[in-house]
Visitor: 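Right, I'll just put the structure down here and ask away after.
Just so it is clear: chains get the letters A, B, ... in the order the sequence lines come, proteins before strands, and each one is counted from 1.
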Amino acid sequence: MKDIKNPIETEKREWRKQQTQLRLKTWLTIFSPISLLLIWQFLSQSGLIDARFFPPPTAIISTFIDLLTSGELFHNINISLFRIFAGFLLGVIPGIIIGLCMGLYAPFRHFVSPVVMALMPIPTLALLPIILIIFGIGEVSKVVTIAGSVFFPVVINTAAGVISIDSIYLDVAKNYGASRKDFILKIALPGSLPVMLEGIQMGQAIALLTIVAAEMMGARSGIGYLIWTSYSAFLLKEMFVGLILISFFGYIFSLLLRWLQRKLIPWR
Amino acid sequence: MKDIKNPIETEKREWRKQQTQLRLKTWLTIFSPISLLLIWQFLSQSGLIDARFFPPPTAIISTFIDLLTSGELFHNINISLFRIFAGFLLGVIPGIIIGLCMGLYAPFRHFVSPVVMALMPIPTLALLPIILIIFGIGEVSKVVTIAGSVFFPVVINTAAGVISIDSIYLDVAKNYGASRKDFILKIALPGSLPVMLEGIQMGQAIALLTIVAAEMMGARSGIGYLIWTSYSAFLLKEMFVGLILISFFGYIFSLLLRWLQRKLIPWR
Amino acid sequence: TEEEESVKVNDEVSIDNPSGDLAPLSKKTTVIIAEDGSASGAGFYIANEKGYFDDYNIEVEFVTFANSDDMLPALASGDVDIAGGISSASFFNAIAQGIDVKIIADKGHNEIEKSYFTFVIGADKQGEIKDYSDLKGKKVAVSTEHAVDDYIFHQMLEHSGLTEEDVEFVLMPDFGNMMAAIENGSIDAALQIEPLITQGVSEGIHVRFGDATDFAPEAQIAMVLGSPQFMKDEQDVSLRFMAAYLKGVRDYNDAFKKGEDKDKIIDIMTQYTALKDASVWEDVFVTGLDPNGKMFIDDIRNQYEMYEKNGAISGEFNFDEAIDTTITEKAVKIIGEYE
Amino acid sequence: MSPNPKISIHELTKVFYKKKNSVTALENISLDIEEGEFVCLVGPSGCGKTTLLRILAGLENQSSGAFKIERSGEDRPNQSMVFQERGVLPWLTVEENVAFGLKMRHLPKSHVKERTNYFLNKVGLAKFTKMYPKELSGGMKQRVSIARAFANDPEILLMDEPFGALDEQNKYILQEELLSIWSETKKTVLFITHSIDEALYLSDRVLLMSAQPGKILAEIKIDLSRPRKLEDIRSNSEISSKFLDIWRHLQVEVQRSRL
Amino acid sequence: MSPNPKISIHELTKVFYKKKNSVTALENISLDIEEGEFVCLVGPSGCGKTTLLRILAGLENQSSGAFKIERSGEDRPNQSMVFQERGVLPWLTVEENVAFGLKMRHLPKSHVKERTNYFLNKVGLAKFTKMYPKELSGGMKQRVSIARAFANDPEILLMDEPFGALDEQNKYILQEELLSIWSETKKTVLFITHSIDEALYLSDRVLLMSAQPGKILAEIKIDLSRPRKLEDIRSNSEISSKFLDIWRHLQVEVQRSRL
Ligand SMILES: Nc1ncnc2c1ncn2[C@@H]1O[C@H](COP(=O)(O)OP(=O)(O)OP(=O)(O)O)[C@@H](O)[C@H]1O
Ligand SMILES: Nc1ncnc2c1ncn2[C@@H]1O[C@H](COP(=O)(O)OP(=O)(O)OP(=O)(O)O)[C@@H](O)[C@H]1O
Ligand SMILES: [Mg+2]
Ligand SMILES: [Mg+2]
């Protein structure tokens with residue numbers, strides 16, 4: 001038979017233990033990439049991995065600083081961010097509109113979905129020449145490349161979101177005499193928002209994955225351009241700077257989207 | 001005041017009306033891609049779009065038949081399917097294992113997830129050189145390219161799936177004295193399966209999107225190879241045959257996965 | 001033909017003009033040049049930096065493509081006016097499909113014993129591979145199939161007495177990938193290009209293996225291509241463009257062959273290409289660029305015939321129509337022969 | 001029966017037809033409900049109670065027969081329904097949920113505001129106006145649902161087991177509140193429940209339904225004075241015998257539907 | 001009280017502590033339950049009933065105090081819990097769910113099979129063995145949960161509002177079934193409910209809990225003979241007064257917890 005005294009003290013101690021564990025986990029999260037970098041540094045400097053192909057992190061950082069101070073990097077980042085944002089918006093907005101229409105009008109859905117399903121698996125890389133023919137070599141074609149790959153997850157998730165709205169909410173709307181417009185604005189849009197935002201999140205990830213492909217044609221700047229021209233010229237430090245930038249922006253964007261999610265669906 | 005007689009007849013008529021509508025929708029689904037192809041054919045033949053870049057569907061089909069009868073196509077399809085399957089498995093299996101570990105062991109999750117998050121946004125295309133350095137130019141590197149891009153959605157969804165298991169099921173397992181092994185096999189694995197399968201579905205889509213990139217290094221065959229060499233040689237009809245094949249296999253794979261889903265989660 | 005004559009070209013020369021020859025265009029005209037970031041665009045870069053285009057009131061804009069095949073649709077649609085490309089089946093196929101692109105001037109050939117585009121072997125393979133015939137059973141990476149790379153590869157095979165079956169041809173569209181593949185032993189040799197050759201040598205990854213001029217002394221590697229509109233309808237511009245380009249090429253030759261003003265030229269090259277290290281430029285075997293824009297047309301024809309023989313050409317066309325050097329010749333006449 | 005009942009249902013039949021297989025959910029339901037009456041519908045699971053309510057609410061079409069809801073002549077909606085717990089829209093705040101019906105009718109803002117606040121006060125949610133449903137307990141969600149229906153000021157109120165998922169103590173508190181609002185507004189209410197105690201406590205009349213196909217088996221008048229107290233009901237032997245009456249009826253029906 | 005009760009709880013206290021803010025859920029609960037007794041725990045929402053059960057089930061640790069479950073010496077688990085509706089594992093069939101506890105103990109296959117079938121028959125699910133929970137009604141799911149707990153043959157059974165979400169008719173059928181299995185197996189049961197009627201119908205003893213912090217306020221012995229019939233209970237005036245007794249107690253507690 002166990003017997004413990006002083007209930008509040010016991011729980012306080014328990015709670016403190018948990019707090020320590022929580023803090024430990026936060027430390028692990030910070031420690032993990034740092035330790036990885038340290039191992040990389042060690043392996044690269046000691047020659048256990050080929051430093052020509054995997055330059056040590058310190059060398060990459062110094063290249064990063066060089067590029068930064070020369071101002072070149074800012075220009076590349078700016079232009080790529082513009083392309084990503086523009087492409088993202090150009091993919092997301094029609095995605096939401098068409099997705100809502102697909103969710104709301106069954107005949108439209110049946111008409112459009114086979115086309116969407118057929119186009120979805122086609123790799124962006126393979127579409128570059130066609131995009132180039134239609135949109136030329138300017139900014140438009142880069143933005144379209146990104147938009148095209150963002151579009152599919154958004155349209156599919158938006159339609160799925162509308163369809164997945166619990167039928168009881170449709171009954172509520174009908175019972176309280178919602179007009180078509182009210183139904184779309186008050187039921188379909190908010191009801192599909194959580195699933196739609198998952199699609200947008202996926203679209204954001206894909207936008208980043210596509211930037212290198214988008215900047216393979218007719219570009220003179222951008223992070224994707226930096227990555228592949230650096231690699232073509234075997235400037236691996238510069239290439240790694242580009243990769244790290246992509247990864248960094250991936251992190252920033254996912255934070256932004258999570259913030260947006262909290263703002264847009266406070267009721268979750 | 002409305003007054004209708006013969007209840008069963010009324011409902012039968014209503015039901016027949018619905019059946020007709022359903023059949024109409026099926027027709028729409030078939031009609032939509034066909035009408036698109038007809039429009040394309042018309043535009044291309046009438047010169048409203050440039051037939052040099054968008055050869056009419058009939059020309060593509062005849063090229064398709066030529067390639068098919070020459071046997072060349074079968075070889076390309078076989079090799080690509082092998083790469084896709086192998087890469088898919090090589091991405092999915094570690095994805096599930098690491099995802100389960102992440103879901104089950106919080107410290108492991110905290111250690112691994114920043115690395116996963118940092119690597120995820122890096123485009124496959126940019127990783128080709130690194131894969132090449134590590135895995136050479138053989139089949140392995142193509143399979144690894146695909147595996148690498150399949151891995152991320154699977155690992156993230158599996159971990160999310162485990163975490164999202166309703167805590168009441170954990171209580172049930174604990175209350176009935178489940179051992180660690182039993183817990184993993186009877187609770188964690190089946191409980192995370194629905195979310196995990198969504199990740200696998202996403203992985204399948206990504207595997208197809210990656211085949212062109214994968215077959216850009218040292219390949220001499222495959223659908224991806226067909227697409228970009230056809231394009232490089234300006235043989236656009238052959239390129240379109242490749243694109244249509246990709247789209248076709250995308251459809252087949254998603255059917256396969258939906259079948260698998262029904263088999264694996266009959267309880268949904 | 002009649003049509004050509006109907007285009008009025010202002011080709012009066014006056015020493016008072018800013019260029020010392022042709023009059024500047026009355027309206028500022030932008031010429032878009034497609035590049036793949038290679039050093040063979042030196043003529044464009046130098047002409048731009050030295051103001052030769054400015055003299056004619058031409059403004060140039062560079063756009064970069066991953067490779068020269070991607071440029072063809074842009075060139076055909078008139079999105080770009082000038083491209084630097086290699087001869088390839090795709091180029092001839094495009095022409096056969098009605099994309100009327102012209103080959104107009106030299107943009108790269110190997111200098112004897114100083115090839116910028118030649119074979120390298122792994123640094124650790126030097127003992128094993130001493131002669132071309134030692135490539136028997138080896139893996140050799142080539143960046144394209146049915147293009148000049150392939151052609152040079154076949155010339156090498158012929159020279160060494162090997163057949164296609166003797167050597168394993170590895171298609172590797174990216175030159176950077178070849179470095180990685182040689183380093184990890186995936187391949188034994190590669191048809192590599194400068195400045196990656198020099199870089200790889202200095203990093204101990206590969207070594208030069210003979211010289212491409214051993215077996216293909218007169219191979220035409222890269223060419224300046226013109227869009228149909230640019231060559232036909234805008235001859236005022238294209239003539240001036242070519243004159244400026246050739247001036248740039250001549251400065252380049254002055255620098256690398258005669259050592260005149262070399263620092264300035266290398267400075268320009270570091271600005272425009274990915275190779276930012278000026279000292280490495282002293283070591284690279286630079287691209288040969290003919291100061292009069294002359295090409296090895298017979299060699300281009302040989303290449304075409306090889307692609308056709310290998311079944312890579314689909315459709316019919318007249319080879320001679322693909323080549324149009326009249327503007328180049330006219331420009332040389334105006335600015336004078338190079339000595 | 002008065003010559004002009006508020007709700008009159010005449011030989012209403014509902015058949016669900018699916019590929020050769022037809023289920024008769026309701027059969028020849030005839031029924032009159034007076035203005036201001038509180039009627040409870042009790043019956044075994046699956047007997048068609050929800051189906052009847054959904055037909056009255058216009059969410060489903062009857063297969064034959066007819067019904068009529070007498071209009072008072074004022075500009076008010078025919079009916080409003082109180083759904084089970086899930087009927088509160090999760091993406092609207094408490095306030096927006098209660099105002100939902102009024103906003104759908106595009107009434108002037110000030111009017112919406114006023115009525116919303118009035119009923120929020122009535123159900124004791126004035127302090128929670130800006131909260132989302134996820135932050136509310138089950139009982140509070142049902143309060144929102146009830147306030148929404150009453151705020152809409154319909155001719156009649158339809159309630160489908162609104163307190164089914166609540167615990168007994170909370171259920172009692174909400175029942176009291178419901179009766180208090182009802183006695184103030186004098187609305188006609190048709191209320192579905194599984195709980196005989198609830199029916200006895202709330203209604204003027206209990207309608208007993210048979211198992212599939214749903215018919216009205218019997219009706220029992222509850223003429224206890226109002227306001228009622230649970231104590232009175234539990235200690236009243238007449239009510240006890242009515243309870244057992246209904247209980248036995250249902251037992252028979254439940255047994256029948258299980259065979 | 002016998003000198004060796006089956007469950008003995010001694011001054012059990014549970015505090016939930018979170019960053020400066022501590023909630024005392026249970027305070028000095030002392031309690032003995034005899035072998036074979038059926039005890040119901042009734043109290044206002046949030047008074048700590050679930051918390052007490054979870055501590056006994058080993059799912060939560062007490063902050064102070066102790067409890068003991070007397071072992072019979074045989075190889076059987078200490079306790080099994082019947083959770084609310086969601087406690088059935090959705091990815092296992094009816095059969096696998098019932099066998100879950102036995103399989104976790106790695107008992108021989110034939111034994112598992114036999115006990116599973118026995119209890120599936122007992123709760124009338126023999127025809128549904130291969131079905132998944134999604135295909136079952138709420139009542140059938142609770143049957144699975146009860147069969148699982150009994151099949152596990154534990155020293156004591158802990159039940160947390162197992163019938164809370166069911167409609168009254170189904171609830172009554174399950175209560176009958178539960179009593180029948182209980183009278184056969186003579187297990188010791190600690191049963192949580194919100195329903196006074198349920199407590200009166202099922203238990204030997206009703207424990208009344210106070211609102212937060214949860215203490216045991218009173219206990220009421222129900223010495224009706226078994227098997228009981230609902231009719232007897234409803235018409236028995238002594239039981240009616242016990243109902244009102246408990247009702248008033250709870251009213252006070254509910255009011256107190258709302259202030
Ligand atoms: N949309 C539908 N399609 C086919 N059958 C239906 C449909 N809706 C209801 N039914 C059937 O009609 C009958 C009555 O259903 P209803 O939901 O009205 O019962 P209920 O009395 O409300 O039951 P409960 O008390 O369980 O809510 C049931 O047999 C049900 O299976
Ligand atoms: N994990 C926890 N963390 C913090 N507080 C908790 C936790 N679990 C329960 N509580 C608090 O303890 C008190 C008792 O909760 P408990 O769930 O035991 O109540 P209950 O009697 O079962 O209520 P109900 O009848 O609504 O199920 C409540 O005030 C609750 O907020
Ligand atoms: Mg119902
Ligand atoms: Mg509880």
Visitor: Of the listed residues (B/Arg109, B/Met239, B/Lys25), which shares the most heavy-atom pairs with chain A below a 4.5 Å separation?
Guide: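 Looking at each option in turn, the highest pair count goes to B/Lys25.
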Visitor: Using a 6.0 Å cut-off, check whether atom CZ of B/Phe31 has over 12 heavy atoms from anything other than its own residue.
Guide: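 For B/Phe31, atom CZ is not crowded (no more than 12 foreign heavy atoms under 6.0 Å).
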Visitor: Measure distances from B/Leu245 to the heavy atoms of chain A and classify the residue's part below 4.5 Å as side chain, backbone, both or neither.
Guide: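 No part of B/Leu245 comes within 4.5 Å of chain A.
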Visitor: With a 4.5 angstrom heavy-atom cut-off, is it the side chain or the backbone of B/Met202 that approaches chain A, or both, or neither?
Guide: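 Just the side chain, heavy atoms under 4.5 Å.
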Visitor: Which value, rounded to the nearest 0.5 Å, describes the distance between A/Leu127 atom CG and B/Ile227 atom CD1?
Guide: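 The distance works out to 9.0 Å.
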Visitor: Please look at B/Thr29 and chain A and tell me whether the side chain, the backbone, both or neither of the residue comes under 4.5 angstrom of a heavy atom of that chain.
Guide: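 Answer is both: backbone and side chain atoms of B/Thr29 are under 4.5 Å from chain A.
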Visitor: How many angstroms lie between atom CD1 of B/Ile133 and atom CZ of A/Phe54, to the nearest 0.5 angstrom?
Guide: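 Separation between the atoms: 5.0 Å.
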Visitor: Measuring heavy-atom distances to chain A, does B/Leu243 have an atom under 4.5 Å in its side chain, in its backbone, in both, or in neither?
Guide: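 It is both, since atoms from each part get that close.
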Visitor: When only pairs under 4.5 Å are counted, which of A/Pro114, A/Gly250, A/Ala118 shares the most heavy-atom pairs with chain B?
Guide: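 Most heavy-atom pairs under 4.5 Å with chain B: A/Pro114.
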Visitor: Quick check: closest heavy atoms across A/Ser35 and B/Phe111, and the distance to 0.1 Å?
Guide: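 Minimum heavy-atom contact is OG-CZ, 4.0 Å.
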Visitor: Under 4.5 Å heavy-atom distance to chain A, tell me which part of B/Phe240 shows up: side chain, backbone, both or neither.
Guide: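 For B/Phe240, the contact with chain A is made by the side chain alone.
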Visitor: With rounding to the nearest 0.5 angstrom, report the CD1 to CG distance, B/Ile246 to A/Leu119.
Guide: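 Here the interatomic distance stands at 13.0 Å.
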Visitor: For B/Ala213, is it the side chain, the backbone, both or neither that has a heavy atom under 4.5 Å from a heavy atom of chain A?
Guide: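 Contact with chain A: backbone and side chain both.
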